[in-house]
Protein chains: 2
Amino acid sequence: MASIKDVATKAEVSTATVSHVINGTRYVADKTKEKVYAAMKDLDYSPNMVARSLRSRKSNTIGLLVPLLAEDTSNFFFMSIANGIEQVLKENGYNLVLSNSNENAAMEKDQIKVFNRQHIEGLVIAPVNGKEHKYEDQFNGEYPVVFIDRRPQGYEGDTILVNNCQGTKDAVNVLINKGHDKIGFITGTLGITTSDERLEGYKESLIQHHIAFNKSYIKEGPATFQEGYQLAEELYNEGVTALFVANNVMTMGAVSYLQTNGVKVPDQMAIIGYDDYDWMKISSPPLSVVRQPAFEMGKAAVEQLLKRIHGDTEGANEVMLDSELVIRGSC
Amino acid sequence: MASIKDVATKAEVSTATVSHVINGTRYVADKTKEKVYAAMKDLDYSPNMVARSLRSRKSNTIGLLVPLLAEDTSNFFFMSIANGIEQVLKENGYNLVLSNSNENAAMEKDQIKVFNRQHIEGLVIAPVNGKEHKYEDQFNGEYPVVFIDRRPQGYEGDTILVNNCQGTKDAVNVLINKGHDKIGFITGTLGITTSDERLEGYKESLIQHHIAFNKSYIKEGPATFQEGYQLAEELYNEGVTALFVANNVMTMGAVSYLQTNGVKVPDQMAIIGYDDYDWMKISSPPLSVVRQPAFEMGKAAVEQLLKRIHGDTEGANEVMLDSELVIRGSC
DNA sequence: CTGAAAGCGCTAACAC
DNA sequence: GTGTTAGCGCTTTCAG
């Protein structure tokens with residue numbers, strides 16, 4: 001690989017001049033420029049980004065840390081975010097280093113350490129679920145950080161969220177407007193922000209419509225297919241006529257229960273699930289869901305990050321994106 | 001951020017010693033080591049990877065270039081691969097730089113250029129569809145490359161593929177064994193390796209069972225939901241009793257046609273699709289599919305890459321992973 | 001308008 | 001057992 005020195009020699013100028021031609025950082029005579037361009041072309045030169053990064057303390061790289069669990073359908077959600085991020089980043093000449101915390105706090109800490117050594121210019125992170133993160137000890141303060149999807153506990157920072165409360169409330173409103181008042185709510189483990197907010201939306205909708213809250217209609221468990229199946233069964237036996245399922249894995253389990261047991265949807269049981277995928281068009285029946293704007297979230301995160309990188313520096317910023325209700329045949 | 005020099009000063013040793021302690025590259029007395037460790041801890045030192053990379057020409061980073069199209073379900077396939085890659089990489093202390101060619105040759109070329117400047121130690125690439133790539137002009141030869149999913153045209157290199165021919169053949173065999181002999185084949189545009197290989201598998205199965213090949217049972221079109229729907233309709237009207245759909249997007253379209261028009265599956269029409277996702281458990285009916293080992297593919301790609309990085313250097317290596325037939329209710 | 005040269009933080013001869 | 005020092009390839013002052 002040719003270096004800037006080779007180019008300088010070939011063009012009979014100094015490395016400084018070559019550098020300035022490349023970066024447009026000071027005036028260079030047209031004739032000189034041409035010589036430099038010719039030399040670069042001849043040598044098939046392209047700048048060494050590592051050297052540039054070392055010297056200028058800029059890497060044009062941002063990190064993304066997502067909490068993926070092996071074989072979990074919700075991964076698609078984060079992957080859509082990653083896709084949005086990558087796209088906006090590329091438009092701005094940035095690169096993406098992708099990493100995975102496996103939904104594990106220790107691993108997250110490790111990965112942040114790795115990022116700290118890497119001259120990244122910013123980090124987008126979907127924090128792992130769990131109580132306290134003590135991020136202030138973990139970030140080295142040399143790059144801005146944007147949180148996505150989940151509000152970090154005990155830490156102030158730029159955050160891009162989707163409105164879980166509103167999304168759920170909209171969905172439950174629809175159920176109520178169709179005449180349901182016994183509405184089951186299936187959720188993954190409570191105590192994590194997204195689940196809690198969705199439950200909140202459910203409650204708000206009930207209150208707004210003067211429907212008494214029935215604790216036994218709330219079913220909580222690990223976010224698995226089996227558990228979704230199981231909890232749907234329990235709720236069916238308790239006589240609910242509609243189901244709201246607060247995550248996609250349990251949604252599949254719940255639908256599976258209804259199918260297996262010949263429960264007519266939406267007549268005997270209406271159902272609205274979470275997260276939108278093309279497959280839901282051909283599920284039986286086509287599933288109504290709350291759609292989260294994943295791609296848009298990635299985009300918003302990068303935009304916020306770039307603002308910070310370019311010096312905009314006022315206090316923590318929170319963006320809340322609306323969820324969208326997609327009504328199909330299941331309610 | 002503390003530098004190695006700061007540590008050296010604090011520990012009252014030379015930077016060389018600190019470096020050797022960190023990297024274990026030569027003997028250092030226990031006492032000295034302790035002093036160094038203490039100093040590192042005190043200063044919260046962590047090595048600057050950019051400087052290390054510049055000096056040692058090692059970055060512990062590999063690139064991944066995938067051809068994602070916005071909003072395409074097949075993205076999930078590549079994202080699963082990415083997930084597999086990231087995991088194995090991390091186990092080996094490597095980082096992943098993710099990039100997207102948008103299934104566009106020019107963009108792919110650009111992204112390779114970006115990688116060329118970046119001291120990556122290896123590249124995993126799912127080449128864009130299309131005739132000629134002239135990769136020999138694009139790679140700078142400073143890092144090994146592993147191709148995945150698609151065989152690069154006109155280029156020799158390590159390649160990890162899934163056996164599209166065998167996967168399809170297995171599926172069509174099942175259809176034939178159930179008594180079908182009018183089997184429709186819906187595919188995305190032919191001329192790209194994966195599609196062609198799947199068609200090949202279809203043909204081989206027919207030949208093996210002495211069933212005449214009927215050209216009008218092969219329906220080709222852009223890989224969209226609508227087209228899948230449309231082509232399923234055409235085939236239904238031509239009297240086929242079974243359908244093999246060679247990609248997941250068109251599979252959804254085809255299923256949608258059958259559902260919408262009340263065609264009983266599998267009685268009036270058996271169907272086997274491509275790619276396995278959890279949602280297929282709750283499609284109506286649960287869909288039988290050819291499953292591609294995406295995660296395993298990512299894993300295999302990294303393993304091959306690491307072999308190259310660590311000096312194994314015999315001619316181009318091709319790994320062909322088996323597809324797996326997942327039989328559910330649709331055939 | 002351009003060049004010389006310092007130095008980013010590290011590794012690895014070479015020297016003792 | 002350890003220290004000295006020359007760079008890796010760039011950017012950027014300072015000088016002219």
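As the structure is a prediction and not an experimental result, all values here were calculated from the model.
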So, do Ile62(A) and Val97(A) sit near enough that their side-chain heavy atoms are less than 4.5 Å apart? no
Rounded to the nearest Å, what distance is computed from the CG atom of residue Leu54(A) to the P atom of nucleotide dC10(C)? 9 Å
So, is Arg57(B) close to the dG9(D) phosphate, meaning a side-chain N or O under 4.0 Å from OP1 or OP2? yes
Which whole-number value in Å describes the distance from Met40(B) CE to dG9(C) P? 17 Å
Starting from P on dG7(C), measure out to NZ on Lys5(A) and report it in whole angstrom. 17 Å
Answer yes if the side chains of Gln111(B) and Ser99(B) hold a donor-acceptor pair under 3.5 Å, and no otherwise. yes
Classify the side-chain pair Glu121(B)/Tyr94(B) by whether it contains a donor and acceptor separated by less than 3.5 Å. yes
Value in whole Å for how far the C1' atom of dG3(D) lies from CD1 of Ile4(B): 13 Å
Just so I know, are the side chains of Lys10(B) and Leu43(B) near enough to count as touching, which here means a heavy-atom distance under 4.5 Å? yes
In whole angstroms, how far is the P atom of dA12(C) from the CD1 atom of Ile22(B)? 12 Å
Got a salt bridge between Glu142(B) and Arg57(B), using NZ or NE/NH1/NH2 to carboxylate O under 4.0 Å? no
Judged by each residue's nearest nucleotide on DNA chain D, which is more toward the 5′ side, Val50(A) or Thr25(A)? Val50(A)
Starting at the 5' end of DNA chain C, which residue's closest nucleotide do you reach first, Ala51(A) or Val18(B)? Ala51(A)
What class does the angle between the rings of Tyr135(A) and Phe139(A) fall in, given that below 30° is parallel, 30 to 60° is tilted and above 60° is perpendicular? parallel
With respect to the side chain of Asn23(B), which nucleotide from dT11(C), dT11(D), dC8(D) is positioned closest? dT11(C)
Polar atom pairs (N or O), protein with nucleotides 2-5 of chain C, under 3.5 Å:
residue : atom : partner  : partner atom : Å
dT2(C)  : OP1  : Thr32(A) : OG1          : 2.3
dT2(C)  : OP2  : Ala29(A) : N            : 2.8
dT2(C)  : O4   : Arg26(A) : NH1          : 3.2
dG3(C)  : OP2  : Ser14(A) : N            : 3.0
dG3(C)  : OP2  : Ser14(A) : OG           : 3.2
dG3(C)  : OP2  : Thr17(A) : OG1          : 2.6
dG3(C)  : N7   : Arg26(A) : NH2          : 2.8
dG3(C)  : O6   : Arg26(A) : NH1          : 2.6

Between C1' of dT11(D) and CE of Met49(A), the distance in whole Å: 13 Å
